[in-house]
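What follows is a single structure, written as C-alpha coordinates, with notes after it.
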Amino acid sequence: MKRLSRFRRHPYESIEGASFNILGGAQFHSPSRRNIGRPLAALLLSLSLAACGGDVEARPAPQAPPDESPPSSSGSLPESEAAATGPTSSPDEAQGPLIQVQMDGGAAVMFRLNGSAAASSLYRQLPLSVGIEDYAGSEKIFYPPEGLDTSGAPLAQGPAGTLAYYEPWGDVALFYGNCGGASGLYALGEAVSGAELIPSLAGEVQIDKVEEDALPQEAKIPAPAPQAPQQKPASPMENTAMPQLQITVGDKRFAVTLNDNETARALMQMLPLTLRMSEMNGNEKYYYFSDSLPADAGRPSEIQAGDLMLYGSDCLVLFYESFSTSHRYTTIGRIDDPAGLSEALGAGEAAVSFRVAE
(Lines give C-alpha, C1' and ligand atoms only; values in the text may rest on other atoms or scores of the structure.)
Protein backbone atom coordinates (compact mmCIF):
# COMPACT_ATOMS: atom_id res chain seq x y z
CA MET A 1 0.00 0.00 0.00
CA LYS A 2 2.92 2.31 0.51
CA ARG A 3 3.78 2.13 -3.16
CA LEU A 4 0.20 2.98 -4.16
CA SER A 5 0.26 5.92 -1.77
CA ARG A 6 3.50 7.00 -3.43
CA PHE A 7 1.84 7.00 -6.86
CA ARG A 8 -0.70 9.44 -5.53
CA ARG A 9 2.10 11.73 -4.57
CA HIS A 10 3.23 12.69 -8.07
CA PRO A 11 0.01 13.04 -10.07
CA TYR A 12 1.59 15.04 -12.84
CA GLU A 13 5.35 14.91 -12.53
CA SER A 14 6.74 12.31 -14.92
CA ILE A 15 10.17 11.19 -15.94
CA GLU A 16 12.38 14.21 -16.65
CA GLY A 17 9.27 16.39 -16.38
CA ALA A 18 7.78 14.94 -19.58
CA SER A 19 4.06 14.81 -20.25
CA PHE A 20 2.07 13.07 -22.95
CA ASN A 21 -0.78 14.63 -24.91
CA ILE A 22 -3.95 12.58 -25.44
CA LEU A 23 -6.65 13.57 -27.96
CA GLY A 24 -4.83 16.84 -28.62
CA GLY A 25 -6.22 18.39 -25.46
CA ALA A 26 -5.96 16.93 -21.98
CA GLN A 27 -2.60 15.82 -20.70
CA PHE A 28 -1.91 12.42 -19.14
CA HIS A 29 0.94 12.27 -16.68
CA SER A 30 2.26 9.23 -14.93
CA PRO A 31 1.90 8.07 -12.25
CA SER A 32 -1.59 9.31 -11.25
CA ARG A 33 -3.44 9.34 -7.95
CA ARG A 34 -6.18 7.04 -9.18
CA ASN A 35 -5.33 3.57 -10.43
CA ILE A 36 -5.33 2.83 -14.14
CA GLY A 37 -8.14 0.27 -14.09
CA ARG A 38 -10.95 2.63 -13.22
CA PRO A 39 -10.32 5.34 -15.85
CA LEU A 40 -9.33 2.80 -18.54
CA ALA A 41 -12.88 2.22 -19.72
CA ALA A 42 -13.50 5.96 -19.86
CA LEU A 43 -10.28 6.46 -21.82
CA LEU A 44 -11.20 3.76 -24.37
CA LEU A 45 -14.62 5.32 -24.76
CA SER A 46 -13.02 8.73 -25.29
CA LEU A 47 -10.69 7.32 -27.95
CA SER A 48 -13.54 5.62 -29.79
CA LEU A 49 -15.62 8.79 -29.76
CA ALA A 50 -12.64 10.83 -30.96
CA ALA A 51 -12.21 8.41 -33.86
CA CYS A 52 -15.79 9.19 -34.87
CA GLY A 53 -14.96 12.87 -35.18
CA GLY A 54 -16.28 14.00 -31.80
CA ASP A 55 -14.33 16.59 -29.80
CA VAL A 56 -13.99 14.54 -26.63
CA GLU A 57 -11.70 15.49 -23.77
CA ALA A 58 -10.07 12.81 -21.61
CA ARG A 59 -10.28 13.00 -17.86
CA PRO A 60 -7.98 15.86 -16.80
CA ALA A 61 -4.76 15.16 -14.97
CA PRO A 62 -4.44 16.82 -11.56
CA GLN A 63 -3.55 20.49 -11.81
CA ALA A 64 -1.48 22.59 -9.46
CA PRO A 65 -3.68 23.63 -6.53
CA PRO A 66 -4.72 27.27 -6.09
CA ASP A 67 -3.17 29.50 -3.46
CA GLU A 68 -4.47 28.66 -0.02
CA SER A 69 -6.26 31.91 0.70
CA PRO A 70 -9.57 32.45 2.54
CA PRO A 71 -12.64 31.90 0.34
CA SER A 72 -14.56 34.83 -1.07
CA SER A 73 -17.91 35.74 0.42
CA SER A 74 -19.64 34.09 -2.55
CA GLY A 75 -18.12 30.75 -1.54
CA SER A 76 -18.72 30.98 2.20
CA LEU A 77 -21.24 29.02 4.28
CA PRO A 78 -24.81 30.35 4.51
CA GLU A 79 -25.31 33.08 7.13
CA SER A 80 -27.27 30.82 9.46
CA GLU A 81 -24.42 28.31 9.47
CA ALA A 82 -21.56 30.79 9.58
CA ALA A 83 -23.07 32.63 12.55
CA ALA A 84 -22.62 29.61 14.75
CA THR A 85 -18.94 29.36 13.94
CA GLY A 86 -17.82 32.89 14.74
CA PRO A 87 -15.08 34.81 12.94
CA THR A 88 -12.21 32.80 11.53
CA SER A 89 -8.97 33.52 9.73
CA SER A 90 -8.80 30.68 7.18
CA PRO A 91 -11.05 27.95 5.68
CA ASP A 92 -9.36 25.08 7.49
CA GLU A 93 -9.58 26.87 10.86
CA ALA A 94 -13.28 27.74 10.42
CA GLN A 95 -15.81 25.37 11.98
CA GLY A 96 -18.81 24.49 9.84
CA PRO A 97 -21.93 22.38 10.37
CA LEU A 98 -22.21 18.66 11.12
CA ILE A 99 -23.12 15.98 8.58
CA GLN A 100 -23.55 12.23 9.00
CA VAL A 101 -22.93 9.23 6.74
CA GLN A 102 -25.02 6.16 7.54
CA MET A 103 -25.77 2.76 6.08
CA ASP A 104 -29.37 1.56 6.24
CA GLY A 105 -30.17 0.83 9.88
CA GLY A 106 -26.54 1.18 10.95
CA ALA A 107 -24.61 3.55 13.15
CA ALA A 108 -23.58 6.90 11.68
CA VAL A 109 -20.18 8.45 11.07
CA MET A 110 -20.40 12.13 11.94
CA PHE A 111 -18.17 14.76 10.36
CA ARG A 112 -17.71 18.42 11.15
CA LEU A 113 -17.14 20.38 7.95
CA ASN A 114 -14.59 23.17 7.74
CA GLY A 115 -15.50 26.67 6.54
CA SER A 116 -14.32 26.26 2.94
CA ALA A 117 -16.37 26.88 -0.19
CA ALA A 118 -15.88 23.20 -1.09
CA ALA A 119 -17.45 22.05 2.19
CA SER A 120 -20.32 24.49 1.67
CA SER A 121 -20.84 23.11 -1.86
CA LEU A 122 -21.21 19.61 -0.47
CA TYR A 123 -23.50 20.72 2.37
CA ARG A 124 -25.91 22.42 -0.06
CA GLN A 125 -26.39 19.12 -1.94
CA LEU A 126 -27.59 17.23 1.14
CA PRO A 127 -29.46 15.00 1.77
CA LEU A 128 -27.95 12.45 -0.60
CA SER A 129 -28.38 8.73 -1.13
CA VAL A 130 -25.29 7.49 -2.98
CA GLY A 131 -23.21 4.40 -3.59
CA ILE A 132 -19.91 4.19 -1.74
CA GLU A 133 -16.89 2.06 -2.61
CA ASP A 134 -13.45 1.25 -1.28
CA TYR A 135 -10.33 2.75 -2.81
CA ALA A 136 -6.71 1.73 -2.17
CA GLY A 137 -7.48 0.02 1.12
CA SER A 138 -7.39 3.37 2.90
CA GLU A 139 -10.51 5.33 1.97
CA LYS A 140 -14.17 5.09 1.01
CA ILE A 141 -15.29 7.26 -1.89
CA PHE A 142 -18.54 8.52 -3.36
CA TYR A 143 -19.44 10.92 -6.15
CA PRO A 144 -21.70 13.91 -5.34
CA PRO A 145 -24.09 14.91 -8.14
CA GLU A 146 -22.32 18.25 -8.63
CA GLY A 147 -18.67 19.21 -8.46
CA LEU A 148 -17.48 21.23 -5.46
CA ASP A 149 -16.13 24.77 -5.53
CA THR A 150 -12.47 24.46 -4.48
CA SER A 151 -11.61 28.17 -4.61
CA GLY A 152 -9.54 28.96 -1.53
CA ALA A 153 -9.94 25.41 -0.19
CA PRO A 154 -7.09 24.04 1.94
CA LEU A 155 -5.21 20.96 0.74
CA ALA A 156 -6.01 17.76 2.61
CA GLN A 157 -3.43 15.97 4.71
CA GLY A 158 -4.14 14.31 8.04
CA PRO A 159 -4.99 11.21 10.02
CA ALA A 160 -7.76 8.64 9.63
CA GLY A 161 -11.13 10.38 9.76
CA THR A 162 -10.15 13.08 7.25
CA LEU A 163 -12.94 14.04 4.83
CA ALA A 164 -11.61 15.28 1.49
CA TYR A 165 -12.56 16.05 -2.11
CA TYR A 166 -10.40 14.90 -5.02
CA GLU A 167 -11.19 17.47 -7.71
CA PRO A 168 -9.64 15.70 -10.75
CA TRP A 169 -12.06 12.77 -10.33
CA GLY A 170 -14.92 14.56 -8.56
CA ASP A 171 -15.13 12.14 -5.63
CA VAL A 172 -15.43 12.71 -1.90
CA ALA A 173 -13.08 10.52 0.18
CA LEU A 174 -13.60 9.30 3.76
CA PHE A 175 -10.15 8.23 4.93
CA TYR A 176 -9.82 5.32 7.35
CA GLY A 177 -6.07 5.26 6.74
CA ASN A 178 -3.65 8.16 6.81
CA CYS A 179 -4.41 10.93 4.30
CA GLY A 180 -0.98 11.66 2.86
CA GLY A 181 -2.14 14.43 0.54
CA ALA A 182 -2.09 14.87 -3.25
CA SER A 183 -2.34 17.65 -5.78
CA GLY A 184 -6.05 18.40 -6.20
CA LEU A 185 -7.06 16.75 -2.90
CA TYR A 186 -8.88 19.34 -0.73
CA ALA A 187 -9.91 19.16 2.92
CA LEU A 188 -13.64 19.23 3.72
CA GLY A 189 -13.60 18.36 7.44
CA GLU A 190 -12.91 15.59 9.92
CA ALA A 191 -14.78 12.83 11.72
CA VAL A 192 -15.92 13.75 15.22
CA SER A 193 -17.60 10.43 16.01
CA GLY A 194 -17.82 6.95 14.48
CA ALA A 195 -14.52 7.16 12.54
CA GLU A 196 -13.92 3.49 13.38
CA LEU A 197 -17.00 2.62 11.27
CA ILE A 198 -15.63 4.07 8.01
CA PRO A 199 -13.99 0.77 6.85
CA SER A 200 -17.36 -1.01 7.10
CA LEU A 201 -19.23 1.44 4.84
CA ALA A 202 -20.36 -0.24 1.61
CA GLY A 203 -23.17 -0.21 -0.92
CA GLU A 204 -25.76 2.55 -0.53
CA VAL A 205 -25.31 5.19 2.16
CA GLN A 206 -27.43 8.11 3.30
CA ILE A 207 -25.71 11.47 3.87
CA ASP A 208 -27.65 14.04 5.86
CA LYS A 209 -27.28 17.41 7.52
CA VAL A 210 -27.26 17.22 11.30
CA GLU A 211 -29.15 19.89 13.22
CA GLU A 212 -27.18 20.30 16.44
CA ASP A 213 -30.17 21.77 18.28
CA ALA A 214 -32.05 18.52 17.66
CA LEU A 215 -29.34 16.35 19.18
CA PRO A 216 -29.79 15.07 22.73
CA GLN A 217 -27.60 17.02 25.15
CA GLU A 218 -25.31 14.03 25.72
CA ALA A 219 -24.87 13.58 21.98
CA LYS A 220 -23.97 17.18 21.15
CA ILE A 221 -20.50 17.55 19.72
CA PRO A 222 -18.95 20.94 20.36
CA ALA A 223 -16.67 22.51 17.80
CA PRO A 224 -13.08 22.09 18.88
CA ALA A 225 -11.95 25.02 21.02
CA PRO A 226 -8.77 26.79 19.92
CA GLN A 227 -5.84 25.32 21.77
CA ALA A 228 -3.13 27.44 23.29
CA PRO A 229 0.23 26.49 21.84
CA GLN A 230 2.01 24.01 24.06
CA GLN A 231 5.71 24.12 24.68
CA LYS A 232 7.31 20.97 23.34
CA PRO A 233 9.81 19.14 25.48
CA ALA A 234 13.38 19.81 24.49
CA SER A 235 15.06 17.10 22.44
CA PRO A 236 18.62 16.00 23.20
CA MET A 237 19.86 18.08 20.23
CA GLU A 238 17.82 21.20 20.99
CA ASN A 239 19.73 24.45 21.49
CA THR A 240 22.83 22.92 19.90
CA ALA A 241 24.37 23.86 16.56
CA MET A 242 23.28 21.64 13.70
CA PRO A 243 26.03 19.19 12.76
CA GLN A 244 26.78 18.41 9.14
CA LEU A 245 25.36 15.26 7.58
CA GLN A 246 27.34 12.95 5.33
CA ILE A 247 25.64 10.88 2.60
CA THR A 248 27.56 7.97 1.10
CA VAL A 249 26.59 6.20 -2.14
CA GLY A 250 29.05 3.51 -3.16
CA ASP A 251 32.47 5.14 -2.91
CA LYS A 252 31.09 8.68 -3.27
CA ARG A 253 30.60 10.94 -0.26
CA PHE A 254 28.48 14.09 -0.17
CA ALA A 255 28.37 16.72 2.58
CA VAL A 256 24.89 18.00 3.53
CA THR A 257 24.16 21.30 5.24
CA LEU A 258 21.06 20.76 7.39
CA ASN A 259 18.22 23.19 8.05
CA ASP A 260 17.80 24.04 11.71
CA ASN A 261 14.36 22.48 12.20
CA GLU A 262 12.67 19.64 14.10
CA THR A 263 12.63 17.36 11.06
CA ALA A 264 16.39 17.55 10.60
CA ARG A 265 16.95 17.04 14.34
CA ALA A 266 14.67 13.98 14.36
CA LEU A 267 16.53 12.49 11.40
CA MET A 268 19.91 13.08 13.05
CA GLN A 269 18.74 11.18 16.12
CA MET A 270 18.13 8.13 13.91
CA LEU A 271 21.68 8.02 12.55
CA PRO A 272 23.62 6.12 11.39
CA LEU A 273 21.29 4.73 8.72
CA THR A 274 21.70 2.77 5.51
CA LEU A 275 18.52 2.79 3.42
CA ARG A 276 17.61 1.03 0.22
CA MET A 277 15.97 3.94 -1.56
CA SER A 278 13.56 3.38 -4.47
CA GLU A 279 13.58 5.24 -7.78
CA MET A 280 10.90 7.74 -8.83
CA ASN A 281 10.48 9.69 -12.08
CA GLY A 282 14.15 9.77 -13.06
CA ASN A 283 14.83 12.60 -10.62
CA GLU A 284 14.70 11.26 -7.07
CA LYS A 285 15.19 8.37 -4.66
CA TYR A 286 12.76 7.84 -1.78
CA TYR A 287 12.29 5.72 1.33
CA TYR A 288 9.29 5.25 3.65
CA PHE A 289 10.00 5.14 7.38
CA SER A 290 7.82 2.98 9.59
CA ASP A 291 7.31 5.93 11.97
CA SER A 292 6.45 9.55 11.32
CA LEU A 293 8.86 12.47 11.65
CA PRO A 294 7.82 16.01 12.60
CA ALA A 295 6.84 17.92 9.46
CA ASP A 296 6.28 21.55 8.51
CA ALA A 297 5.60 21.34 4.79
CA GLY A 298 5.72 24.20 2.32
CA ARG A 299 5.76 24.56 -1.46
CA PRO A 300 9.35 25.01 -2.64
CA SER A 301 8.32 25.80 -6.27
CA GLU A 302 11.74 24.71 -7.53
CA ILE A 303 13.48 21.47 -6.57
CA GLN A 304 17.28 21.59 -6.77
CA ALA A 305 19.55 18.59 -7.32
CA GLY A 306 20.91 17.64 -3.90
CA ASP A 307 17.77 18.63 -1.94
CA LEU A 308 16.99 16.30 0.97
CA MET A 309 13.31 16.57 1.90
CA LEU A 310 10.43 14.90 3.71
CA TYR A 311 7.18 14.22 1.84
CA GLY A 312 4.20 13.91 4.17
CA SER A 313 5.49 12.77 7.53
CA ASP A 314 7.25 9.52 6.70
CA CYS A 315 8.81 9.65 3.22
CA LEU A 316 12.47 10.69 2.91
CA VAL A 317 13.30 12.03 -0.56
CA LEU A 318 16.74 12.68 -2.07
CA PHE A 319 16.54 14.62 -5.35
CA TYR A 320 19.29 14.23 -7.93
CA GLU A 321 17.79 16.42 -10.69
CA SER A 322 16.34 19.96 -10.66
CA PHE A 323 12.76 20.66 -11.76
CA SER A 324 9.63 22.67 -10.92
CA THR A 325 6.96 21.31 -8.59
CA SER A 326 3.73 22.31 -6.88
CA HIS A 327 3.97 19.61 -4.19
CA ARG A 328 4.57 20.28 -0.52
CA TYR A 329 7.72 19.16 1.28
CA THR A 330 9.54 19.78 4.53
CA THR A 331 13.11 20.78 3.74
CA ILE A 332 15.73 18.85 5.72
CA GLY A 333 18.88 20.08 4.03
CA ARG A 334 20.87 20.25 0.80
CA ILE A 335 24.03 18.62 -0.52
CA ASP A 336 26.71 21.30 -0.75
CA ASP A 337 28.09 20.02 -4.07
CA PRO A 338 25.76 17.58 -5.88
CA ALA A 339 28.16 17.01 -8.80
CA GLY A 340 28.29 13.27 -9.48
CA LEU A 341 25.20 12.52 -7.35
CA SER A 342 23.05 11.36 -10.27
CA GLU A 343 25.78 9.04 -11.56
CA ALA A 344 26.41 7.64 -8.08
CA LEU A 345 22.74 6.86 -7.48
CA GLY A 346 22.23 5.34 -10.92
CA ALA A 347 18.96 3.88 -12.18
CA GLY A 348 16.69 1.85 -9.93
CA GLU A 349 17.11 1.12 -6.25
CA ALA A 350 20.19 2.47 -4.46
CA ALA A 351 21.81 1.85 -1.07
CA VAL A 352 22.34 5.22 0.60
CA SER A 353 24.09 5.68 3.96
CA PHE A 354 23.51 8.64 6.28
CA ARG A 355 25.72 9.56 9.24
CA VAL A 356 27.00 12.57 11.12
CA ALA A 357 30.02 14.02 9.35
CA GLU A 358 33.30 13.79 11.22
### Query
So with a 6.0 Å cut-off around CZ of R355, is the heavy-atom count from everything else above 12?
yes
#### Entry: Close side-chain approach of V130 and V205, heavy atoms under 4.5 Å
yes
### Task
For residues L185 and C179, determine if any side-chain heavy atom of one lies less than 4.5 Å from a side-chain heavy atom of the other.
yes
### Task
Please check if the side chain of E279 supplies one atom and the backbone of G282 the other of a donor-acceptor pair under 3.5 Å.
yes
### Query
Centres of the F319 and Y329 rings: under 6.0 Å?
yes
### Query
Above 12 or not: heavy atoms from other molecules or residues under 6.0 Å from CG of D336?
yes
### Task
Without swapping roles, check the side chain of N259 against the backbone of N261 for a donor-acceptor pair under 3.5 Å.
no
### Query
Are the side chains of L293 and S313 in touch, meaning some heavy atoms are under 4.5 Å apart?
no
#### Entry: Beyond-backbone contact of I332 with R265, side-chain heavy atoms, under 4.5 angstrom
no
### Task
Output the distance between atom CD (E190) and atom CG (L174), rounded to the nearest 0.5 Å.
13.0 Å
### Query
Does the side chain of M270 come within less than 4.5 Å of F289's, by heavy atoms?
yes
### Query
Is the Lys NZ or Arg CZ of K140 less than 6.0 Å from the centre of Y135's six-membered ring, within 45° of the axis?
no
### Query
Given side chains that start at C-beta, do those of L148 and L188 come closer than 4.5 Å, heavy atoms only?
yes
### Task
Kindly state each residue pair satisfying salt bridge (Lys or Arg N to Asp or Glu O under 4.0 Å) with at least one member in residues 266-277, sequence neighbours excluded.
R276-E349
### Message
Can you give me the closest heavy-atom contact between Y320 and K285, atom names plus distance?
### Response
CE2-CE, 3.9 Å
### Query
Side chains of F254 and D337: does their closest heavy-atom pair fall under 4.5 Å?
no
### Query
Checking E262 side chain against A266 main chain: does a donor-acceptor pair fall under 3.5 Å?
no
### Query
Rounded to the nearest 0.5 Å, how far does CG of L273 lie from CG of L245?
9.5 Å
